[in-house]
2 protein chains.
Amino acid sequence: MAIGPRPLPSVLLYGLVPIASWCIVRPLLEPLPSIPALYSCIGISIFAFLMTVYLIPALGPAFIKAGLKGHDLLKTYRFEVPIPESMGLVSASVYVLSLICFIPFAFSTPIRAHANVKNAKEGITVVEFPHYQLSVYLSSILGLLIATMLGFLDDVFDIRWRHKLPIPIIASIPLLMVYYAEHGNTNVVVPLPFRFIFGNLINLGPLYYLYMSMLSTFSTNSFNILAGINGSEVSQAIVIALSVILNDLLYLPWPIGFRIPLHLLGNRTELEFGGAWSAGMSYGSRELVERHLFSLYFMLPLVAVCTGFMYHNWYPARAFPGDTLCYMTGMAFSVVGIQAHFSKTLLLFFMPQIFNFLLSCPQLFGLVPCPRHRVPHFNPETNLLSPSTAKFEKPPNKLATLILRLFATLGFVKLTSDSKTGKLTETTNLTILNTFLIVLGDMNEKSLVKTLIGTQIAGSGLAFFIRYALAWLVYDGDRR
Amino acid sequence: MAIGPRPLPSVLLYGLVPIASWCIVRPLLEPLPSIPALYSCIGISIFAFLMTVYLIPALGPAFIKAGLKGHDLLKTYRFEVPIPESMGLVSASVYVLSLICFIPFAFSTPIRAHANVKNAKEGITVVEFPHYQLSVYLSSILGLLIATMLGFLDDVFDIRWRHKLPIPIIASIPLLMVYYAEHGNTNVVVPLPFRFIFGNLINLGPLYYLYMSMLSTFSTNSFNILAGINGSEVSQAIVIALSVILNDLLYLPWPIGFRIPLHLLGNRTELEFGGAWSAGMSYGSRELVERHLFSLYFMLPLVAVCTGFMYHNWYPARAFPGDTLCYMTGMAFSVVGIQAHFSKTLLLFFMPQIFNFLLSCPQLFGLVPCPRHRVPHFNPETNLLSPSTAKFEKPPNKLATLILRLFATLGFVKLTSDSKTGKLTETTNLTILNTFLIVLGDMNEKSLVKTLIGTQIAGSGLAFFIRYALAWLVYDGDRR
C-alpha cells in the first residue's frame with residue numbers, strides 16, 4: 001500500500017506567478033509606493049510558497065532514499081507506508097534563500113539614494129548606508145540558518161538534548177552582539193504594583209541578554225515538545241506568525257484612520273490608529289515603523305513556506321516536518337521578538353506553548369517517567385485518539401504526587417491508583433494534546449489538530465486583549 | 001577487520017589548554033597588547049583545534065550509524081572497513097562556532113570605548129560602533145554556513161551538480177551586498193601592456209560583482225574535483241591558508257623593520273617592512289592593517305580545524321572529509337579574498353587547483369567520457385597507485401582529439417590508440433593526481449599526497465614571487 005502525493009492544482013501556478021511578478025516589479029514603476037520593499041516581500045513570499053509547495057512532493061523520494069523517513073503511528077497503515085521525515089528542511093532552505101534574495105530589495109531605498117549621490121556633480125550630499133540595519137538582517141538570517149542546521153543535524157544524528165541545549169545560545173550571540181552594538185536598551189519598565197520597590201525603570205544589564213538568549217532556547221524547543229500529530233507543528237507556527245503580522249500592521253502607515261473604543265473595556269484612553277504618517281500605533285515614530293516592517297519582512301515569507309508545507313502535512317500527512325521545521329520557526333519568532341523589540345508581546349502569543357511546557361515539566365525533569373513518544377494513543381478500530389499513559393515502575397515521590405493530584409483536580413491529567421494501597425500506578429502523559437482528549441473526549445486526529453489550532457487562535461485573541469486593553473492595569477503611558 | 005581510531009597523545013590536551021587559556025585572558029591584562037583580539041583569536045583557534053581533534057574520533061560511530069560512511073577504495077581492506085564520511089562537518093561546525101564566539105573579542109576595542117563613553121559624565125564624546133565591520137563579519141559567517149550546509153546536503157542527498165551550481169552564487173549575495181554598502185570599489189588597475197587601450201583604471205561595475213560571485217563558485221568547487229586520496233582535500237586547504245596567513249603577516253605592525261633586497265631580482269624599488277606603526281607593507285594605512293587582520297581572524301581557526309581534521313584523515317585515513325570540508329574551506333578563501341580585497345593574490349595561491357580545473361575541463365564538459373571516480377588505480381599486490389583511465393565507447397571528436405594530443409605532448413596524459421585505425425581508444429583521467437603518476441611513475445598513496453603538498457607549497461612560493469617581485473612588470477606603484 002502506498003499513499004500518493006497530494007495533487008496540486010496547476011491553476012495555483014498559473015494564477016500566482018503573474019501576481020508575484022507584478023509585486024516584485026511594482027516598486028520599479030512610478031509613482032513609487034510608500035513602502036516599495038513591502039511589495040517585493042509579498043512577491044518573494046508568493047514565490048517561496050510556490051517553491052515549497054512544488055518542491056516537497058518532488059523531493060520526498062530523495063529524503064526516503066537518504067533514510068530520512070518515518071512511520072505515521074496514528075494511522076491504520078502505520079507500519080507499511082514510509083513517510084519522508086525532516087521535510088521542514090525544504091521550507092527552511094526556501095525561507096533562508098528568500099530572505100537572502102530579499103536583502104537587496106530591503107535596502108533598495110538607500111541603494112537608490114546612494115546611486116543618486118554618485119551622479120551628483122556638486123554640493124554637499126552625504127548618504128550613509130544603514131549598516132546597522134544590514135547587520136540586523138545578517139545576524140537574523142545567521143541565527144535562522146544555525147537553527148535550521150541544528151534541527152537537521154538533530155534529525156540525522158538524533159543528538160542528545162543536553163548536547164544540543166547550548167547551541168541556540170551560541171546561535172543567539174550574533175543577535176545579542178547586534179543588539180549591544182545598537183546601544184541596546186536593557187531597561188525594563190516596572191509594572192505599576194512593583195514601582196514602590198524598584199522605581200519606574202529597572203536596568204537588567206547582562207540579565208537582559210540572558211533573558212534574550214533564553215527566549216531563543218525556549219522558542220526553538222517549545223514547538224518541539226508540542227508535536228506528534230499531523231499538522232500540529234506547522235499550524236502553531238502559522239497562527240503565531242499571522243498574529244505577529246496582525247500586530248505589525250497596527251504600526252504601519254495606513255491611508256485611513258480608525259479608533260478602537262477601548263473605553264467600553266474600562267480603559268482610560270482611546271486607541272487611535274492610522275492617518276497616513278502618524279503611522280498606526282507608531283504615533284509618527286519612524287523607528288517603530290521600521291522595526292515592525294522588519295518583523296513583517298521575516299513573517300510574510302515564514303507564513304508562505306509554512307502554508308506550502310502544511311498543504312502536504314495536513315491529515316493524512318504526506319510529509320513530516322522533523323525537528324528542522326520546529327527549530328527554524330521557533331528561531332524566526334525569537335529573532336523578530338529580539339530585533340523588533342516586542343519579546344513580551346511575542347510571549348503572549350506563545351501561551352499554549354508555555355502552558356504545554358509547564359505541564360510537561362514533571363516529565364521533562366524526570367519527576368514522572370517519560371516514555372519515548374507521548375503522542376495520544378491510536379485505536380485502529382474506531383480511528384479515534386485517546387490519552388496515552390505513562391506507568392509508574394515504582395510509586396512517585398511526594399512532590400510528583402502532589403503536582404499530579406493538582407493537575408488532576410484542574411482536569412489536565414487522569415490518574416489511576418492502586419485500589420488497595422491508594423498509590424498512583426499510571427498517569428496520562430503531560431501534554432496539552434492529552435489534556436484536550438481528557439476534557440473533550442476521544443476524537444480523531446483531524447479534530448484534535450483543529451482543536452489545537454482553535455486554542456492557538458483563541459490564545460492570540462486573548463493576547464491582543466491583554467496587550468492592548470489590559471496593559472494599562474500594570475503599565476502606564478509607554479507600552480512598547 | 002577494523003581500523004581503530006588514531007591514538008591521541010593526552011599531553012596535547014594538558015599542554016595546549018593552559019596556553020590557549022592564557023591567550024584568551026591576556027587581552028584583559030595591563031599593559032594591553034597592541035592587537036588584543038589577535039591573542040583571543042589564537043586562543044580560540046587552539047581550542048578549536050582541540051575540539052576537532054577530540055570530536056572526530058568520538059563522533060565517527062554516530063556518522064557510520066547515520067549512514068554517512070564510505071569505503072577507502074585505495075586500500076587492501078577497501079571492501080571490509082567502513083570509514084565515516086562527511087566528517088568535515090565536525091571541522092566546519094567547530095569553525096563556524098569559533099568564529100561566532102570570536103565576534104565579541106573582535107569588537108572588544110569599540111566595546112570598551114563604548115563602555116567608557118557611558119561612564120563619561122561631561123564633554124562631547126561620540127563613539128560610533130563599527131557597524132560596517134560587524135556586517136562584514138556576519139555576512140562572511142553566513143556565507144561559510146551556507147557553504148557548510150550545502151556541502152552536507154550534498155553528502156546526504158547527493159545533489160546533481162546543475163542543481164547545486166547556483167547556490168554558491170546565492171551564498172555570495174550577503175558578501176556582495178556588504179561590499180556594495182561599503183561604496184565597493186569596482187575599479188580595476190589595468191596592466192601596463194593594455195593601458196594604451198583601456199587607460200589606467202577600468203570600472204568593471206556589475207561585472208566585478210559577477211567576478212566575485214564566480215570566485216566563490218570556483219573556490220568551493222575546485223577542491224572538490226581535486227580529491228580522492230587520503231589527506232588531499234585538507235592538505236590543500238592548509239597550505240593555502242598558511243600562505244594567506246604569511247601574506248597577511250607582511251601587512252601587520254611588527255616591532256622590527258627589515259627589507260627584502262628586491263633589486264637583486266631586477267625590481268626598481270626595495271620593499272621595506274615593519275617599523276612599529278608603518279605596519280609592514282601597509283605603509284601606515286589603517287585600512288590595510290584591518291583588512292589583513294580580518295583575514296587572519298578567519299584563517300587561523302581554519303588552519304586549526306583543518307589540522308585537527310588532517311590528524312585523522314592522514315594515510316591510512318580514519319575519517320573522510322566529504323563535500324562538506326571542500327565547500328567550507330573553499331568558501332572561507334573566497335570570503336577573505338573578497339572581504340579583505342586580495343582576490344587576485346588569492347587566485348595565485350590556487351595555481352594547482354586552476355591547473356587541475358583546466359586539465360579537467362574536457363571531462364567536466366563532456367568532450368571526453370567521465371567515469372564516476374577519477375581517482376588513480378590501486379594495485380593491491382604492490383600497494384602502488386597507477387593512472388586510472390577512461391575508455392572511449394566511440395572515437396572522440398576532432399576537438400577532443402586535438403586537446404588530448406596537446407595534453408599528451410605536454411606530458412599531462414597518456415593515450416592509447418588502436419594500432420590499426422590510429423583512433424584513440426583510451427586516455428588517462430584528466431586530473432593532476434594522474435599527471436603526477438605519469439610524470440613520476442607509480443607510487444604509493446602517501447607519496448602521492450606528499451607530492452601534491454609539495455606542489456602546492458611550490459605553487460605558493462611561485463605566487464609570492466609573482467606577487468612581490470614580478471608585479472612591477474605589469475603594474476606600477478599601486479599594487480594592492
Atom CE in B/Met149, atom CD1 in A/Ile146: separation rounded to 0.5 Å?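 With rounding to 0.5 Å, CE (B/Met149) is 11.5 Å from CD1 (A/Ile146).
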Knowing that exactly one of B/Ile141, B/Val96, B/Thr148, B/Leu142 qualifies, which makes a side chain to side chain contact (heavy atoms under 4.5 Å, CB included) with A/Leu145?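 Answer to the side chain to side chain contact (heavy atoms under 4.5 Å, CB included) test with A/Leu145 among B/Ile141, B/Val96, B/Thr148, B/Leu142: B/Leu142.
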What's the shortest heavy-atom distance between A/Pro174 and B/Ile100, and which atoms?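 The answer is CD-CG2, 3.8 Å.
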Selection from A/Pro104, A/Gly67, A/Cys101, A/Ser93 maximising heavy-atom pairs under 4.5 Å formed with chain B: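 Most heavy-atom pairs under 4.5 Å with chain B: A/Pro104.
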For A/Ser98, all residues meeting side-chain contact (heavy atoms from CB on, under 4.5 Å), sequence neighbours excluded: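 Applying side-chain contact (heavy atoms from CB on, under 4.5 Å) to A/Ser98 gives A/Ile44, A/Ala48, A/Val94.
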Nearest-0.5 Å distance that lies between atom CG in A/Leu138 and atom OH in B/Tyr137: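 Here the rounded value is 14.5 Å.
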Side chain, backbone, both or neither: which part of A/Leu176 has a heavy atom under 4.5 Å from chain B?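 A/Leu176 has no heavy atom closer than 4.5 Å to chain B.
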Which heavy atom of A/Ala66 sits nearest a heavy atom of B/Val156, and at what distance?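 Nearest pair, atom of A/Ala66 first, then B/Val156: CB-O, 3.6 Å.
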Heavy-atom distance under 4.5 Å to chain B: side chain of A/Leu59, backbone, both or neither?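 Neither part.
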Parallel, tilted or perpendicular: ring planes of B/Phe152 versus A/Phe152, cut at 30 and 60 degrees: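 Taking A/Phe152 first and then B/Phe152, their aromatic rings stand perpendicular (interplane angle over 60°).
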Under the rule for side-chain contact (heavy atoms from CB on, under 4.5 Å), what residues qualify as partners of A/Ser40, not counting sequence neighbours?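 With sequence neighbours excluded, A/Ser40 shows a side-chain contact (heavy atoms from CB on, under 4.5 Å) to A/Pro27, A/Phe102, A/Phe105, given in chain and number order.
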